[in-house]
Amino acid sequence: MRHDGLVLILLWRELVAGLRAMRRRDLAWIALGGGGLLAYAIADIVIALHAAAPKLRDDQLLWMLGLPITFAALGCLAGNAMSRLCLSRAFAPFLKALPLASAERRRMAGVGTFALGLPFTLMIAMSAGFACAVIGKPLAQAWGLGAAILFALGFGTAALWRLRRPRLVLDEAASQVTQVGRSWLRRLDRARPSWLSSWAWKLPAGHIRPSWKLAAAGLLLALAAIVGAWASLAGHSAGPAAVAGLAGGILVFMLGLRCQPLGSPVLRTAPIGFTHVWLRLVQLPLQLSLAFFLLPAGAALAAEPSAWSVPVASGLWLLVLNGAYAVFGAYFLNAPFVAMLSFAGALAYASYETLEYGRTVLIGLAALVFFLWHRTRQRYRNG
Amino acid sequence: MAEVLTVEALSAGYRGRIVVRGIDLSLRRGDILGLLGANGSGKSTLIRAVTGQIPLIGGSVAIDGIELAAAPERAKAGFGLAIEPHELPATLSGRQYIELVASIRGCAPDDLPTDDLPGGDLLERLDLRRWIDRPIAEYSLGTRAKIAIVAALLGRPPLLIFDETLNGLDPVAAWEVKRVIAALCASGRHAAIVSTHVVEAVPALCNRAVLMADGSLSQSWDAAQLAEAGRVPGAFEDSVMQALRMRAAA
């Protein structure tokens with residue numbers, strides 16, 4: 001069909017327009033700085049793989065279960081994200097008036113999704129094969145191929161599931177105008193400036209729309225808090241509940257923080273400063289995060305009263321991590337998923353380097369957070 | 001009378017590229033400035049620079065005597081900008097948006113300059129009452145423009161800025177908004193900038209006008225010239241078109 005490549009053309013044009021809109025200095029930073037960092041990371045990974053090669057080669061659990069599940073899960077995530085991206089372009093509002101049937105749009109999205117999936121699959125095959133060759137695993141190429149097949153299976157399954165139900169994407173857009181449920185936030189969201197959280201969370205007229213996603217997330221988090229608390233109380237140890245409180249607390253904060261109002265001229269042309277708006281946007285997710293933290297922290301304290309410093313330290317770390325993520329969330333204001341990935345990546349990388357170079361690496365992380373905060377503030381003030 | 005807006009040698013643009021340059025402009029209370037120009041002439045860039053949405057490359061902007069660069073929050077309290085309709089927070093209802101803007105400006109949601117308006121209630125005059133509790137996402141372009149105009153008037157800022165806001169309004173609403181702008185500026189407490197492509201509306205509404213071309217002010221009309229042009233039907237449009245054609249030919 002002649003329209004089949006339309007989604008890919010749209011995405012290509014967006015990419016080119018995005019690159020053209022960037023300053024050459026920024027592009028150079030990304031290309032040179034990012035390239036340098038990538039080369040360093042690859043070298044570091046190769047050295048680490050070399051060092052752990054004998055152990056990795058013979059770890060049956062890793063080869064039979066760990067890696068297959070990881071590649072399939074990665075495939076699912078990538079397939080879901082790519083199909084959503086392509087569906088949103090195939091069903092874009094400006095294409096509404098064109099005489100394209102829903103099946104045709106789905107096919108356009110499908111072609112785009114699988115075309116985007118191909119380079120990802122190749123990359124997985126090459127990376128897995130290369131890693132196997134580095135540790136001296138026999139049949140490295142076959143392992144690479146196997147990893148690519150698992151990734152492709154996960155990718156294809158998730159993409160097909162999503163492409164057969166484009167309604168899921170369309171319903172999200174329609175929910176902006178549908179008032180369902182009650183305005184539960186009315187009291188909480190009236191702090192100055194009022195209605196900012198409703199705006200950030202895209203709640204239609206401040207009404208929370210009940211959904212299976214919201215219920216499932218709430219259930220899982222509650223379960224995690226209860227299991228953590230139970231583990232601590234059963235073992236008379238503060239550790240498990242404190243860790244559950246910290247991990248769940250930061251997860252609640254990351255899922256709750258939305259900062260897209262920071263990019264709106266409604267605020268940027270109003271007599272209100274960046275810090276004020278930022279703190280207001282952080283306020284409600286922080287309250288939710290601390291509310292989640294209280295149950296496991298209380299259980300940790302009850303399980304081992306003498307180790308009171310464990311839940312206290314856990315609470316302080318929760319505040320620090322929430323503060324750091326709030327900066328990432330504000331910087332990537334229109335892409336919360338990218339903010340979460342970047343934050344998780346930065347934390348993982350800082351933790352890894354801390355093992356090698358000690359805690360001085362944390363100064364680098366703090367500098368990154370400060371730099372992002374400064375750039376976000378500048379963008380708010382100057383566009 | 002003190003100047004509400006003072007723009008001196010302003011240059012501004014995007015990512016280091018200058019789009020408007022050498023702009024000198026001042027407005028006093030009572031002034032209604034018509035900002036005219038072809039597409040891409042720099043009208044919106046000038047308004048973005050004056051409202052602090054893009055950084056100044058050169059020059060200065062002072063609103064009600066406060067330098068925008070030195071004290072942006074205080075300076076921004078001095079103007080009300082009617083946000084472009086597509087930039088309004090679509091999920092909030094009209095009432096919630098008004099409450100949001102009012103809480104930012106530190107005023108009550110009903111703190112509108114109704115004393116200066118003949119006929120009172122602005123929401124009634126703009127036929128907004130039946131929409132006010134619906135999400136903005138459900139509004140038509142014109143209804144969005146109306147809510148943006150009401151929000152711009154909240155807290156009675158001395159400078160009112162309308163960037164092509166009149167374009168999407170129905171005839172009744174456009175007429176009402178023009179009456180509101182005229183009445184507010186006639187009270188001597190406000191000044192307004194009206195950027196528009198509706199050239200014929202300018203002599204009737206504005207007491208000053210400037211034409212932008214290639215990022216600078218190419219021609220201006222004072223109150224007497226506008227009044228003179230307004231007396232002969234089509235005279236003002238002719239002079240604007242002539243200026244635009246001369247500019248295009250140059």
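Protein chains get the first letters and strands the later ones, always in sequence-line order, with residue 1 at the start of each.
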Notebook entry, point to check: Where does Thr269(A) contact chain B at under 4.5 Å (heavy atoms): side chain, backbone, both or neither?
Noted result: both
Item checked: Closest non-hydrogen atom pair between Glu99(B) and Trp195(A), with its separation -> OE1-NE1, 2.6 Å
Note to self: Counting only non-hydrogen atoms closer than 4.5 Å, does Ile83(B) touch chain A with its backbone (N, CA, C, O), its side chain (CB onward), both, or neither?
What the structure shows: side chain
Check: Can you name the residues of residues 139-148 of chain B that have some heavy atom under 4.5 Å away from a heavy atom in chain A?
Finding: none
Item checked: Contacting moiety of Tyr14(B), where chain A heavy atoms sit under 4.5 Å -> neither
Check: Counting heavy-atom pairs under 4.5 Å to chain A, which of Gly52(B), Ser93(B), Pro55(B), Gly106(B) comes out on top?
Finding: Pro55(B)
Check: What part of Ala12(B) gets closer than 4.5 Å to chain A, counting heavy atoms only: side chain, backbone, both or neither?
Finding: neither
Check: For Leu100(B), is it the side chain, the backbone, both, or neither that has a heavy atom closer than 4.5 Å to a heavy atom of chain A?
Finding: both
Checklist line | Heavy-atom pair with the smallest gap, counting every atom of Val266(A) and Glu87(B) | finding: CG2-O, 3.8 Å
Check: Nearest heavy-atom pair of Ser103(B) and Ser194(A): which atoms, and what distance?
Finding: OG-N, 2.9 Å
Next item on the list: Please examine the side chains of Arg74(B) and Pro271(A), heavy atoms only from C-beta on, and report whether any two atoms are closer than 4.5 Å.
Entry: no
Notebook entry, point to check: Do Ser198(A) and Leu92(B) have side chains that get closer than 4.5 Å, going by heavy atoms?
Noted result: yes
Next item on the list: Identify which of Glu84(B), Gln53(B), Arg48(B) forms the greatest number of heavy-atom pairs closer than 4.5 Å to chain A.
Entry: Gln53(B)
Next item on the list: Specify the closest pair of heavy atoms between Arg268(A) and Lys76(B), including all atoms of both residues, with the distance to one decimal.
Entry: O-NZ, 2.5 Å
Next item on the list: Over all heavy atoms of both residues, which pair between Pro72(B) and Arg381(A) is shortest? Give the atoms and the distance, please.
Entry: CG-NH2, 3.0 Å
